[in-house]
Amino acid sequence: MNKNKTDETAAQQYDSYLDPDAIVHFGDTSEALVELVEETLETSENLSTSRDPLPETTLLVEEVDNE
């Protein structure tokens with residue numbers, strides 16, 4: 001699959017989700033790295049992460065209001 005087709009497919013998949021503030025797409029990497037990044041982001045009082053069921057590991061990051 002060429003790069004343009006891959007980018008187009010990924011964009012279509014992301015369009016089906018709510019509007020996250022950031023999308024962290026890991027591609028082919030170790031689960032340990034993904035968990036490290038996820039835990040680091042979660043330590044912030046203003047961020048929340050969730051895993052995405054796309055074929056490659058993706059984190060959706062949302063800013064949360066802690067008032």
Side-chain angles (χ1 to χ4, degrees):
M1 191 179 289
N2 68 29
K3 181 168 175 27
N4 288 340
K5 183 65 174 171
T6 302
D7 291 346
E8 180 180 315
T9 302
Q12 289 170 348
Q13 290 172 325
Y14 296 141
D15 284 344
S16 66
Y17 292 91
L18 298 175
D19 188 24
D21 294 312
I23 299 172
V24 181
H25 179 75
F26 290 91
D28 185 27
T29 190
S30 71
E31 180 64 20
L33 176 61
V34 176
E35 288 176 2
L36 176 64
V37 171
E38 184 175 25
E39 289 173 14
T40 301
L41 290 171
E42 283 289 336
T43 61
S44 168
E45 293 180 10
N46 299 320
L47 296 176
S48 173
T49 63
S50 60
R51 290 279 184 115
D52 192 22
L54 293 174
E56 294 182 357
T57 303
T58 304
L59 290 177
L60 302 177
V61 182
E62 298 277 342
E63 184 178 10
V64 293
D65 190 12
N66 286 330
E67 292 181 12

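Judged as a salt bridge (charged side-chain N to carboxylate O under 4.0 Å, His left out), the pairs with a partner in residues 26-39 (not counting sequence neighbours) are, in order, Glu31-Arg51, Glu38-Arg51.
Between Glu62 atom CD and Leu47 atom CG the span is 10.0 Å, to the nearest 0.5 Å.
In this structure, the side chains of Ile23 and Leu60 come closer than 4.5 Å at one or more pairs of heavy atoms. Side-chain atoms of Thr29 and Thr57, non-hydrogen and from C-beta on, never get closer than 4.5 Å to each other.
What you find for Thr58 and His25 is that their closest heavy atoms are OG1-ND1, 3.2 Å. The minimum heavy-atom distance linking Val64 with Ser48 is given by the pair CG1-CB, 3.7 Å.
Shown here are the side-chain contact (heavy atoms from CB on, under 4.5 Å) partners of Thr40, two or more places apart in sequence or in another chain: Leu36. Every residue meeting the side-chain contact (heavy atoms from CB on, under 4.5 Å) condition with Ser30, not counting sequence neighbours, appears here in chain and number order: Ala32, Leu33.
In this model, a donor atom of one side chain and an acceptor atom of the other lie less than 3.5 Å apart for Thr49 and Glu42.
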